[in-house]
> 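This is the structure I want to talk about, given as structure tokens.
Proteins get letters first, then strands, A, B, ... in listed order; numbering begins at 1 in each.
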Amino acid sequence: MQQIFNFIIRNSNRLLFLLLLGISLALTIQSHSFHRSRTISSANFISGGVYEKINTINEYLNLRTENDELVLENARLKSLLFNIEDTTKAPMIDSIKGVKPADIIVSKVIHNSYSTHENYLTLNSGSNEGIKQDMGVINSLGIIGVIDNTSPNYSTVVSILNMKSHINAKLKKSNHFGSLTWNGKSTGYVQLEDVPRLASIRKGDTIVTGGQSVIFPEGINIGTVDIVYKKEGTSFYVIKVKLFNDMTNLGHVYIIKSKGREELINLENKSKEKDE
Amino acid sequence: MNSALLVNIFRFIMLLAIQIVIFNNMNFLGYISPYPYILYIILYPVNSNRSGLIISSFLLGITMDMFCNSGGIHAAACVILAYYRPYIFKFSFGLSYEYQTIKLNESLTPERFSFILVSVFLHHIVLFILEAFQFKFIWDILLRTLFSSVFTILISIIIIYLIKPNKR
């Protein structure tokens with residue numbers, strides 16, 4: 001017994017080091033395994049609060065560009081107002097196809113990372129506004145990511161610039177679909193993998209979200225085809241997609257509540273159970 | 001409560017705040033960002049409590065992870081740097097470092113520079129390996145480590161000179 005105590009006292013620093021290293025490696029490995037809620041994330045009131053404060057300062061510094069955008073939008077709305085045929089129609093959220101206005105939550109990006117291999121955004125609304133895990137996040141230009149963690153007032157988003165994200169996408173003109181991933185290199189481009197060789201693809205074709213995803217409704221813009229590669233040894237194309245969004249500069253975003261989602265997952269689970 | 005403890009707590013909070021507010025938003029060429037918050041571990045007094053250093057480094061790293069959404073990579077890198085700090089001291093200053101009073105925040109001699117260099121490099125390589133977590137990115141890891149280390153060292157030396165205490 002005496003010897004055990006002596007051993008612990010003599011090696012206390014080493015044991016402490018190994019313990020703390022073990023904890024941090026466990027957290028790292030947990031965060032690298034796909035789409036598990038992480039223990040340490042910026043969706044909590046300390047870091048969320050700090051990021052909100054920083055964001056208010058940044059917003060003040062960007063007032064000029066914000067004003068320019070507002071003036072442009074004002075001009076667009078004015079032109080709509082004067083040319084509109086049916087004034088009972090709401091002009092705004094109709095632009096997102098297949099989604100009713102009631103299913104959309106408007107939020108703001110308060111922290112944005114784009115320099116690592118696994119990038120996350122922090123939003124300033126959370127479960128109090130009805131945000132849940134696995135909801136889709138888009139803005140007026142195209143898709144942005146998928147909700148990862150939520151707290152009452154904040155939530156984190158797995159950006160499409162994250163090597164763990166896989167999103168179902170297709171060619172707008174022909175329904176050939178593939179899986180949208182990121183290779184960790186440039187912030188302006190993502191990769192669309194596993195597109196069959198049968199598809200005829202030209203530079204400049206539009207890529208939109210596909211109907212197989214339960215997260216996004218079909219037909220939301222992603223980007224345009226930039227370069228098409230043939231993947232060696234397979235019969236698939238890899239397409240380099242130029243994003244419509246500038247992922248380094250994001251402001252207000254829309255979060256989509258997909259109503260059919262739970263029904264679809266329940267249905268799929270039922271058929272899986274039957275198979276077993 | 002002695003003044004060294006207070007200075008260390010102050011350093012801990014200030015370096016974290018500066019890192020989160022300013023340096024986390026710096027992205028040279030899209031992926032090179034400096035991490036001068038590890039100055040806390042580098043400047044920790046030589047002969048003080050070692051387990052205190054390891055625990056506080058873990059707290060420093062886990063706070064960074066919370067703000068960066070990065071799992072536990074900063075915590076792991078900081079704990080490794082804190083544990084191997086005495087060996088880096090031995091490497092840079094020779095065997096009898098404990099009997100000298102090393103004050104890092106004085107003029108920059110080759111020994112002090114090599115200590116900062118080795119510490120920063122060790123921290124960054126662990127950080128970027130854990131961040132990528134795959135061997136196919138080995139060149140990417142080395143490139144990031146190299147460029148980020150240069151920036152971190154530059155900024156660390158500037159900070160050391162800025163917070164240098166007045167000669168009494």
Side-chain angles (χ1 to χ4, degrees), chain A residues 11-33 36 38-44 46-48 50-51 53-54 57-58 111-122 148-149 156-159 161-164 183-188 247-248, chain B residues 16-17 20-34 49-86 126-134 136-137 140-141 144 148:
Chain A
N11 288 316
S12 64
N13 277 333
R14 181 166 302 166
L15 290 174
L16 186 68
F17 166 67
L18 289 176
L19 174 74
L20 294 179
L21 188 67
I23 294 174
S24 37
L25 286 181
L27 288 173
T28 309
I29 291 166
Q30 186 211 24
S31 81
H32 279 284
S33 54
R36 176 108 33 95
R38 54 197 54 227
T39 333
I40 310 278
S41 83
S42 71
N44 64 43
I46 302 171
S47 48
V50 170
Y51 277 142
K53 283 276 179 310
I54 296 172
I57 297 169
N58 279 341
H111 179 249
N112 183 3
S113 82
Y114 43 85
S115 62
T116 61
H117 287 134
E118 286 171 7
N119 293 307
Y120 293 88
L121 317 170
T122 311
D148 185 24
N149 264 357
T156 55
V157 179
V158 183
S159 157
L161 301 184
N162 187 318
M163 297 180 55
K164 290 194 300 192
N183 66 359
K185 282 179 184 142
S186 164
T187 56
M247 292 299 289
T248 61
Chain B
L16 256 181
I20 289 159
V21 175
I22 300 171
F23 293 115
N24 271 1
N25 297 320
M26 272 191 182
N27 289 303
F28 296 104
L29 306 177
Y31 60 94
I32 304 161
S33 39
N49 189 357
R50 202 169 151 207
S51 46
L53 173 65
I54 295 177
I55 292 173
S56 58
S57 304
F58 179 73
L59 289 179
L60 183 77
I62 210 85
T63 321
M64 272 300 287
D65 281 324
M66 200 166 84
F67 279 97
C68 298
N69 276 318
S70 50
I73 59 174
H74 283 282
C78 284
V79 168
I80 286 176
L81 174 60
Y83 183 74
Y84 287 105
R85 202 177 78 127
V126 173
L127 183 73
F128 288 121
I129 286 176
L130 287 181
E131 191 200 324
F133 220 64
Q134 287 175 43
K136 66 176 180 182
F137 292 117
D140 199 34
I141 291 169
R144 276 179 192 230
S148 293

> Tell me if a side-chain donor or acceptor on A:Asn119 pairs with a main-chain N or O of A:Thr116 at a distance below 3.5 Å.
yes

> Between B:Ile20, B:Leu130, B:Val21, which shows the greatest number of heavy-atom pairs under 4.5 Å with chain A?
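Result: the option with the highest number of such pairs is B:Leu130.
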
> Relative to chain B, which segment of A:Leu20 carries a heavy atom at a distance below 4.5 Å: side chain, backbone, both, or neither?
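Contact with chain B involves both backbone and side-chain atoms of A:Leu20.
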
> B:Leu53 versus chain A, heavy atoms under 4.5 Å apart: side chain, backbone, both or neither?
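Answer is neither: B:Leu53 stays 4.5 Å or more from chain A.
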
> Side chain of B:Ser33, backbone of B:Asn24: donor and acceptor closer than 3.5 Å?
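Pair absent, no side-chain N/O of B:Ser33 close to backbone of B:Asn24.
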
> A:Tyr120 side chain to A:Asp148 main-chain N or O, any donor-acceptor pair under 3.5 Å?
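Judged by distance alone, no pair lies under 3.5 Å.
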
> Determine, stepwise, if the pair A:His111 / B:Phe67 fulfils side-chain contact (heavy atoms from CB on, under 4.5 Å).
CA-CA 9 Å; A:His111 179 249; B:Phe67 279 97; over 6 Å; no

> Do B:Asp65 side-chain atoms and B:Ala75 backbone N/O form a donor-acceptor pair below 3.5 Å?
yes

> Is it the backbone or the side chain of A:Asn58 that comes under 4.5 Å from a heavy atom of chain B, or both, or neither?
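For A:Asn58, neither part sits under 4.5 Å from chain B.
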
> With chain B, which of A:Ile23, A:Ile54, A:Leu21 has the greatest number of heavy-atom pairs at distances under 4.5 Å?
A:Leu21

